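A quick write-up on the structure given underneath.
Because the structure is a prediction, the values reported are computed rather than measured. The first residue in the sequence is number 1, and the count goes up from there.
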Amino acid sequence: MSLDVAGAEKQKKVLLAEGLLLPASMVLVQAFTMGALLLSKLAFNVGMAPFVLLAYRNLIGSMTVAPFAFYFEREMMKKVNMKIFGWISMTALFGIVLAMGLHYYGLRATNAGYSVDFLNLIPVVTFVTAVILRVEKLRIGTCPGKMKVLGTAICVGGTMVISMYKGKLLHLWPTHLLKPHLQAIGAVSPVRSHHSMLLGTLFLAGSTLSYAFWFIIQVRVSKEFPSKYFSTMLACVSGTVQAAVFGLVLDRDLSAWALKWDLQLLVVVYSGVFNTGVSFCLISWAIARRGPTYPSMFNSLSLVVTTVLDSVLLGTDVSVGSLLGAMLIILGLYAFLWGKGKEAQEQRKQIRAAANGDQNGCPPAAAVNGVDDSLQVGKHEVRIRVEVS
């Protein structure tokens with residue numbers, strides 16, 4: 001009896017610690033994202049090429065994830081063949097070269113506070129793309145389905161407000177606190193030939209769409225090669241090679257690839273270690289303990305804080321339109337995540353009911369209800385339901 005009590009107390013302490021560490025880890029992931037956005041913007045301001053940063057970041061990321069891959073998934077190495085590597089290379093093309101590359105070009109042309117709005121749209125755009133491609137059903141007749149559609153509409157409205165309506169400039173706090181330091185390294189403002197809100201918006205929209213296709217391609221990859229760490233490491237390696245090829249084609253100046261002990265090296269190491277390696281491990285743990293929608297619940301933190309820091313530290317203007325649009329995106333995202341979470345709960349109940357029925361001689365759950373796939377890209381996760389006819 002005393003052993004049972006001791007075990008219960010120990011379990012209670014573990015759950016309490018987990019309840020504190022999980023949200024703390026997700027806040028840390030958002031902090032890594034905010035830091036990467038601001039540092040990357042500064043690196044672009046001093047002339048660093050987006051594909052140079054992308055190639056080096058993924059090289060560092062692959063080295064960071066490699067120990068986990070060989071320790072936890074060593075047996076997966078035997079399953080790698082040309083077909084598997086081809087699929088992983090395709091995910092690297094859409095998820096690294098196109099998604100991250102276009103985001104970097106959009107960040108260089110705009111600002112960190114503006115680009116982070118589009119990162120928060122990725123789950124919604126993935127849902128819309130999956131519906132168009134008939135990978136996921138709309139389910140407009142259910143309450144969760146209606147909330148997903150409503151959240152999508154609000155997010156689209158928020159994006160339009162940010163892009164088309166500026167309004168009065170707000171002076172809410174001191175700005176450009178880092179100006180003296182940035183002037184010393186020439187990172188106060190972006191190169192004029194690269195600054196264009198219209199072109200940057202197109203780059204960021206293309207990045208969001210590329211992320212959506214990346215999720216959908218991952219459905220097939222997760223079936224062909226069910227691995228987390230090893231597939232991530234291989235994708236980073238493939239992404240490094242592809243980004244290097246694209247970078248050399250776009251700019252054949254080899255001096256752009258030389259790294260020194262300066263801001264550019266700091267951005268490369270920070271992004272590779274924290275934004276790729278550490279963030280991936282923390283998000284994987286959170287999803288395993290709390291489900292796929294849990295990390296996305298913290299996305300609004302990066303949106304709000306990045307907007308504030310971008311203004312306070314780098315002097316980016318904050319207007320009525322940018323704040324109103326950001327609030328709409330946050331509201332729409334949480335409405336969408338609520339609907340997604342409720343839908344996932346209902347699907348789990350159906351699977352359990354079908355499993356119980358299978359024990360009594362009924363058809364398997366997959367044959368009745370389809371297959372659920374959980375996909376992870378960076379800090380964003382979407383569950384895509386594949387209907388089996």
Side-chain angles (χ1 to χ4, degrees), residues 26 117-161 208-209 211-220 222-223 283 286-300 303 325 327-377 379-389:
M26 292 300 96
D117 294 325
F118 288 82
L119 290 179
N120 282 267
L121 294 174
I122 292 174
V124 175
V125 174
T126 303
F127 164 68
V128 173
T129 306
V131 169
I132 293 174
L133 296 179
R134 297 184 179 181
V135 178
E136 182 171 349
K137 286 191 174 182
L138 189 57
R139 303 184 186 280
I140 192 64
T142 65
C143 182
K146 291 176 181 177
M147 286 300 294
K148 286 162 63 179
V149 172
L150 177 62
T152 300
I154 295 174
C155 283
V156 171
T159 306
M160 293 178 66
V161 169
T208 306
L209 188 61
Y211 271 121
F213 281 108
W214 186 14
F215 276 113
I216 295 171
I217 293 173
Q218 279 288 93
V219 173
R220 179 65 182 270
S222 63
K223 292 178 180 178
I283 289 170
I287 290 170
R289 304 305 301 171
R290 291 290 188 271
T293 59
Y294 186 77
S296 298
M297 292 169 61
F298 293 82
N299 286 0
S300 59
L303 191 157
M327 288 189 290
L328 287 174
I329 289 175
I330 293 172
L331 178 62
L333 178 63
Y334 278 108
F336 174 83
L337 292 176
W338 183 89
K340 199 72 180 173
K342 288 294 183 181
E343 194 173 74
Q345 289 179 6
E346 293 178 2
Q347 289 174 358
R348 285 194 292 268
K349 290 179 181 178
Q350 291 176 3
I351 291 173
R352 283 195 294 267
N356 293 332
D358 183 38
Q359 295 176 357
N360 298 323
C362 295
V368 177
N369 297 315
V371 179
D372 287 313
D373 285 288
S374 178
L375 310 176
Q376 178 64 33
V377 180
K379 69 180 190 316
H380 300 283
E381 168 129 350
V382 172
R383 293 182 67 89
I384 296 178
R385 182 169 177 75
V386 182
E387 294 294 326
V388 181
S389 57

Compare every heavy atom of Pro123 with every heavy atom of Leu119, then report the nearest pair and how far apart it is.
O-CD, 4.2 Å
Separation between CG of Leu209 and CG of Leu121, rounded to the nearest 0.5 Å:
12.0 Å
Rounded to the nearest 0.5 Å, how far does CZ of Phe336 lie from OG1 of Thr152?
5.5 Å
Separation of Phe298 CZ from Leu303 CG (nearest 0.5 Å)
15.5 Å
With sequence neighbours left out, the residues meeting side-chain hydrogen bond (donor to acceptor under 3.5 Å, both in side chains) with Ser300 are Tyr334
Indicate the atoms forming the closest heavy-atom contact of Pro295 with Ala286, along with that distance.
CG-CB, 4.5 Å
Approximate separation, where rounding is to 0.5 Å, of Thr142 OG1 and Lys148 NZ
7.5 Å
Please name all residues satisfying side chain to side chain contact (heavy atoms under 4.5 Å, CB included) with Glu346, sequence neighbours left out, ordered by chain then number.
Pro144
Provide the closest heavy-atom pair for Thr208 versus Phe118 in the form atom of the first, atom of the second, distance.
OG1-O, 3.6 Å
Which of these, Thr129, Val135, Ile122, Val125, sits in a side-chain contact (heavy atoms from CB on, under 4.5 Å) with Phe215?
Ile122
Closest approach of Ile329 to Cys155 (non-hydrogen atoms, all atoms of both residues):
O-SG, 3.6 Å
Euclidean distance, Gln218 CD relative to Phe213 CZ, rounded to 0.5 Å:
14.5 Å
Would you please name every residue forming a side chain to side chain contact (heavy atoms under 4.5 Å, CB included) with Leu150, sequence neighbours left out?
Met147, Ile154
